[in-house]
Each structure stands twice: as structure tokens, then as C-alpha cells.
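Report on one structure; see the data block that follows.
In what follows, chains are A, B, ... by sequence order, proteins preceding strands, each numbered from 1. Since the structure is predicted, the reported quantities are computational estimates derived from the model, not experimental observations.
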Amino acid sequence: MTISLTVNGNAHEVELEGNETLLDVLRALGYKSVKYGCGEGACGACTVIIDGKAVNSCLIPAPTADGLSIITVEDLGDVQKLSVLQQAFIDAGAVQCGFCTPGMILSSKALLDRTPRPTEDEIKDALDGNLCRCTGYVQIIEAVQLAAERLQNQTA
Amino acid sequence: MHICKIKHVHSVATTADARRLLLARPGQTGILAGGTSTIFSHKKELDTLVDLRPLQLNQIKTEEGGLCIGSMTCLTDLVFADTVKDYADGILSRAAHRTGTTLNRNLCTLGGLLVHPYIWPETATAALALNAEFHIYRGTEEQVDAATFYEQAPAKSLPCGDIVTDISFPSQPASRRFAFEKYASTHNEFAWLTLAVGATLESGILHEVVIVAGAATPLPRRLTEAEACLEGQTLTQPLILETAARAAETMQVGRDIRCSEQYKRDLCAGMLRGILEETFSTPTTGK
Ligand SMILES: Cc1cc2nc3c(=O)[nH]c(=O)nc-3n(C[C@H](O)[C@H](O)[C@H](O)COP(=O)(O)OP(=O)(O)OC[C@H]3O[C@@H](n4cnc5c(N)ncnc54)[C@H](O)[C@@H]3O)c2cc1C
Ligand code: FES
Ligand code: FES
């Protein structure tokens with residue numbers, strides 16, 4: 001079967017076997033920020049945003065993704081021009097090996113889009129499905145707080 | 001890569017269309033709600049999904065003081081909706097919040113959780129304590145109360161072709177209090193035990209007591225002997241201890257690789273004691 005989907009504003013048509021997940025499709029299309037961690041919804045490395053919500057792309061059967069519009073971290077910014085969230089992660093020292101970082105940033109983006117001034121508990125809650133083996137989480141929470149503050153200052 | 005190869009996903013306009021497609025090829029055609037269990041399906045023959053998303057069954061409505069929630073409502077919406085937080089001391093919202101992670105909750109639907117064939121969800125424990133009703137389309141619309149629905153495994157209560165459209169939660173009197181607790185080794189792990197308790201507290205006397213255990217039990221179940229200990233009584237410390245012991249003793253415990261049966265009984269006694277002390281021992285403030 002063939003599905004059509006939009007990733008970061010780019011339209012794609014994909015031919016499927018039928019047993020792929022959205023994660024498989026995104027990586028095959030070259031969106032390598034979307035990582036394979038556990039493949040069963042437990043680690044958050046495969047996080048993408050759909051309809052404003054951060055979700056596990058490894059849990060979405062690809063045949064059911066026809067017509068979806070997906071955001072990956074590539075959409076936020078690149079090395080030439082980082083987004084406020086990406087820069088905050090660097091400045092707060094929230095990146096070590098970086099494997100969890102795209103997922104962390106997308107879960108944080110979904111949170112800040114909905115709740116521009118989150119409490120620490122709201123940040124912890126929004127990131128509860130994103131595991132990090134390196135940082136110990138403290139700097140990641142600080143990075144989200146820093147991004148929230150900078151985004152507030154931008155709009156003030 | 002998962003086992004089944006999905007060849008067709010049907011987008012349906014009505015529940016009648018969905019039912020017709022499901023009945024046309026039983027076993028080969030399945031329901032797509034949040035879709036989070038599809039990749040774990042061991043049914044090699046499953047090759048077609050009927051997508052319920054176009055049916056717009058994702059509304060949360062207040063109805064005669066209660067709630068009517070579309071089966072396709074995702075758990076995150078239950079966590080954040082003020083109407084759900086304000087209903088029955090927020091136990092449905094709390095049960096939804098204790099399910100999986102934010103990323104999972106953004107996908108999983110209330111319907112998908114309540115009928116899921118093997119993991120007894122937090123929300124089912126709350127639904128039974130709240131006396132919820134399942135609205136099921138089976139050619140015509142039927143309503144089945146949660147107690148009847150969970151008398152047997154959902155696969156039997158919901159034969160092929162049946163579609164849960166909404167779940168309604170009745171209005172609760174202001175004097176009625178509720179509490180929900182989950183125990184798992186981490187915040188997001190599948191529950192070892194869930195407890196939901198409801199009771200009307202009038203002049204310090206407990207009436208219409210409902211104590212429901214889930215996850216430890218093979219299906220969510222009322223602990224009727226423990227309920228009987230409290231009915232018509234004023235809560236005292238000896239009564240709390242007696243009720244907790246009765247609940248632990250009479251709870252039917254399913255097999256679980258993670259801990260022993262006795263551990264779950266001890267857990268039940270400890271959790272129920274905590275709930276009764278914290279939620280039901282102080283004078284009611286009304287809602
Ligand atoms: C990592 C992870 C953690 C999880 N943690 C928990 C947890 O802590 N507690 C918990 O309870 N669950 C948890 N779950 C969710 C659970 O295991 C299932 O994935 C979930 O219940 C499926 O819901 P869904 O909306 O995605 O339904 P789907 O996967 O789309 O459907 C599941 C099945 O339910 C039936 N169904 C769905 N909707 C309807 C309907 N409206 N009418 C009739 N039949 C229907 C169909 O038979 C369908 O095949 C977790 C899942 C994952 C992946
Ligand atoms: S790879 Fe999807 S949650 Fe781990
Ligand atoms: S930075 Fe290494 S897993 Fe998070």
C-alpha cells in the first residue's frame with residue numbers, strides 16, 4: 001500500500017510492506033533525528049509531534065499514518081540557526097551523548113506551545129516518557145526553564 | 001517490524017459501516033483506535049484496520065451532572081479537561097494520569113484502554129467504582145454497566161463487530177467522596193495494584209461504599225466483604241484495620257511474575273488503610 005504524509009512541511013509518498021512503524025518510515029526518508037531506542041513506547045527516543053502532541057512514532061503503524069502532518073526536530077533549526085529550545089539545551093549543559101535530545105526537545109516544544117510558563121512539575125510530567133542515560137535530568141529541566149524564560153522575553 | 005502486515009486501513013463514516021467491515025472478515029479485520037497495541041498484535045492474519053478516528057468520538061460532554069466521554073478521547077484530554085478534574089474528586093483524571101507516559105497518553109484512547117484484552121487498566125478500576133456505562137453499537141445502541149461488562153473478559157463482553165462509542169459516568173451527590181491510588185515500582189510502570197474507593201459520608205456515617213481493586217486481580221473487582229465492614233459505620237481506627245485486613249484476605253489475586261501473591265495482599269491492606277485514613281476520616285466539605 002502507498003501512504004502520503006507531510007514531514008516538516010515536505011510532502012512524501014511512501015510504498016509500504018504493511019508491517020513498518022512510522023519510526024521506520026521517517027528514518028528511511030532521512031529524518032535521522034528520530035531514533036530507535038526500545039521500539040515499544042518506553043524510551044521516547046522516537047518522539048515526533050503530530051497535531052501539537054508529542055507521541056512515540058514507534059507505536060504508530062505506518063499504514064495508519066496516511067495524511068498525517070509530522071514535525072521532527074529537523075524542523076526547529078539547524079547548526080546554522082538553532083531554535084531557542086535547542087540553544088537552551090546547549091547553554092544549560094543538557095546534552096551529553098545526544099541520543100535522547102531530539103525527543104526531549106520535541107516533548108519540551110509540545111509543552112511550551114501549550115503552556116508557555118510551565119512549573120517544574122509540569123516539565124517533569126511532559127518529559128516523563130523521555131529517558132536519558134547520561135544527564136541525570138536536572139540540566140534538561142533547567143534547559144526547558146531557560147527556553148521558557150527566553151521565549152517569554154522575546155514576546156515581551 | 002511487527003508481525004501483522006496491514007494492507008488496508010478503512011476510514012469509515014458511520015459506526016454501521018465500521019461494524020459491517022468488521023463482521024465481513026472476522027479475525028482479519030480489527031479496530032484502530034489509538035493504535036498503540038497494533039504493533040504488539042500476534043495475529044498474523046490481521047491485515048485490515050477499521051479506523052474509528054473519522055467518527056469524531058472524542059468529545060467530553062457534561063450530562064445531567066455526570067460526564068459522557070467519547071471512546072476515542074485520548075487520555076491526555078482526560079488529564080487536562082477541567083470537567084473531568086472536577087468530577088468525582090478527579091479520580092478519573094487521576095487514573096488517566098497514572099497510565100503510561102505523556103507520550104503514550106497522547107495516543108491511547110479511553111475506549112482502547114477499557115476494552116484492552118490483557119492489561120487491566122487504571123481507568124477500568126475508576127470506571128467500575130464510578131458505575132460507568134458503556135454505550136455499545138451492535139447494530140443498535142445498547143448500554144452495559146461496568147459491573148456487567150467486567151463480569152467476563154472484555155473480549156467476551158465485546159464480540160467481533162461491537163464498537164464502544166461512549167462511556168458515561170453518572171452524576172455523583174456532593175456528599176460522595178472518591179479516591180484512587182496506584183502502586184507500581186515506577187510512576188509509569190504497569191500497575192501492581194490499583195484501588196478506587198467511593199462512599200457517601202453523612203453525619204460521619206458511611207453509606208453506599210464501593211471498593212474496587214484492579215491490576216492485581218484478573219479483572220477489576222469490587223471487594224464486597226470489605227465494603228460490608230464499612231456500610232452504615234462511623235470510621236474508627238480499629239474499623240479501618242479490620243476493613244483493610246478483610247480486603248486483603250478476600251481479594252482474588254492473579255498471577256504476576258513481579259511479586260508474590262502475599263505481597264499484593266499486604267499492598268492492598270496498606271493502600272486501603274491509607275485511602276480510608278486520608279480521604280474518608282475528615283468531615284465532608286462538599287463539592
Ligand atoms: C509503553 C506503553 C505503556 C503503557 N502503559 C499502560 C499502563 O500503564 N496502563 C494501561 O492500562 N495501559 C497502558 N498501555 C496501553 C495499553 O497497553 C494499550 O496499548 C492501549 O490500551 C490500547 O489503546 P489504543 O487506544 O491505542 O487502542 P488500539 O491499540 O487502537 O486498540 C486496541 C484494541 O481495543 C479494541 N478497541 C479499541 N477501541 C475500541 C472501541 N471503541 N470499541 C471496541 N473495541 C475497541 C480493539 O479490539 C483494538 O484491537 C501502555 C502502552 C504502551 C505502549
Ligand atoms: S523507540 Fe519509541 S519509545 Fe523507544
Ligand atoms: S544525553 Fe545521552 S541519553 Fe540523554
Side-chain angles (χ1 to χ4, degrees), chain A residues 1-3 15-25 28 36-68 100 103-104 106-108 110-111 114-115 118 121-131, chain B residues 1-11 28-54 58 73-77 79-80 93-94 96-109 112 119 184 186-190:
Chain A
M1 72 182 293
T2 308
I3 57 162
E15 185 63 33
L16 298 175
E17 287 287 314
N19 58 352
E20 302 90 339
T21 63
L22 177 60
L23 166 63
D24 301 325
V25 168
Y36 185 100
C38 63
E40 54 181 41
C43 74
C46 66
T47 303
V48 296
I49 295 180
I50 299 174
D51 287 336
K53 286 179 172 145
V55 296
N56 311 97
S57 62
C58 68
L59 290 180
I60 300 178
T64 71
D66 188 40
L68 292 184
C100 69
M104 288 287 182
L106 287 175
S107 287
S108 306
L111 169 70
R114 196 186 63 234
T115 313
D121 280 348
E122 285 170 329
I123 297 172
K124 286 181 182 167
D125 200 48
L127 301 181
D128 70 352
N130 295 88
L131 302 185
Chain B
M1 296 283 174
H2 44 104
I3 290 172
C4 53
K5 281 195 178 179
I6 304 300
K7 298 290 180 200
H8 309 280
V9 179
H10 292 291
S11 210
Q28 290 151 290
T29 305
I31 286 177
L32 173 69
T36 59
S37 69
T38 310
I39 67 154
F40 303 109
S41 172
H42 291 292
K43 292 184 194 154
K44 278 199 182 118
E45 67 281 11
L46 182 72
D47 64 9
T48 302
L49 293 173
V50 177
D51 186 354
L52 301 186
R53 288 174 295 186
N58 57 353
T73 307
C74 80
L75 289 198
T76 301
D77 293 345
V79 174
F80 288 113
S93 173
R94 189 166 154 71
H97 194 199
R98 291 301 314 271
T99 305
T101 66
T102 295
L103 298 170
N104 309 145
R105 291 191 292 274
N106 283 339
L107 287 171
C108 289
T109 64
I119 297 152
T186 66
H187 183 83
N188 312 118
E189 198 208 352
F190 286 110

Quick one: do N188(B) and D128(A) satisfy side-chain contact (heavy atoms from CB on, under 4.5 Å)? Show the steps, please. CA-CA 8 Å; N188(B) 312 118; D128(A) 70 352; 3.5 Å; yes
Taking every non-hydrogen pair under 4.5 Å, which of L107(B), L103(B), T101(B) racks up the most with chain A? L103(B)
If I measure from the heavy atoms of chain A, does N106(B) come under 4.5 Å with its side chain, its backbone, both, or neither? both
Gap between atom NZ of K124(A) and atom OG1 of T102(B) - 0.5 Å precision: 13.5 Å
Atom OG1 in T38(B), atom CG in N19(A): separation rounded to 0.5 Å? 12.5 Å
If the condition is salt bridge (Lys or Arg N to Asp or Glu O under 4.0 Å), which residues does E17(A) pass it with, not counting sequence neighbours? K5(B)
Please tabulate, for side-chain N and O atoms in residues 46-59 of chain A, each donor-acceptor pair with protein atoms closer than 3.5 Å (sequence neighbours left out).
from, atom 1, to, atom 2, distance (Å)
T47(A), OG1, G44(A), O, 2.5
T47(A), OG1, N130(A), ND2, 3.2
K53(A), NZ, D77(B), OD1, 3.2
N56(A), OD1, N104(B), ND2, 3.1
S57(A), OG, C46(A), O, 2.7

Does the side chain of T21(A) come within less than 4.5 Å of I39(B)'s, by heavy atoms? yes
Looking at every heavy atom in both [X] and [Y], which two are closest together, and how far apart are they?
| X | Y | value |
| --- | --- | --- |
| D125(A) | R105(B) | OD1-NH2, 3.9 Å |
| H8(B) | M1(A) | N-SD, 4.5 Å |
| G35(B) | P61(A) | O-CD, 3.8 Å |

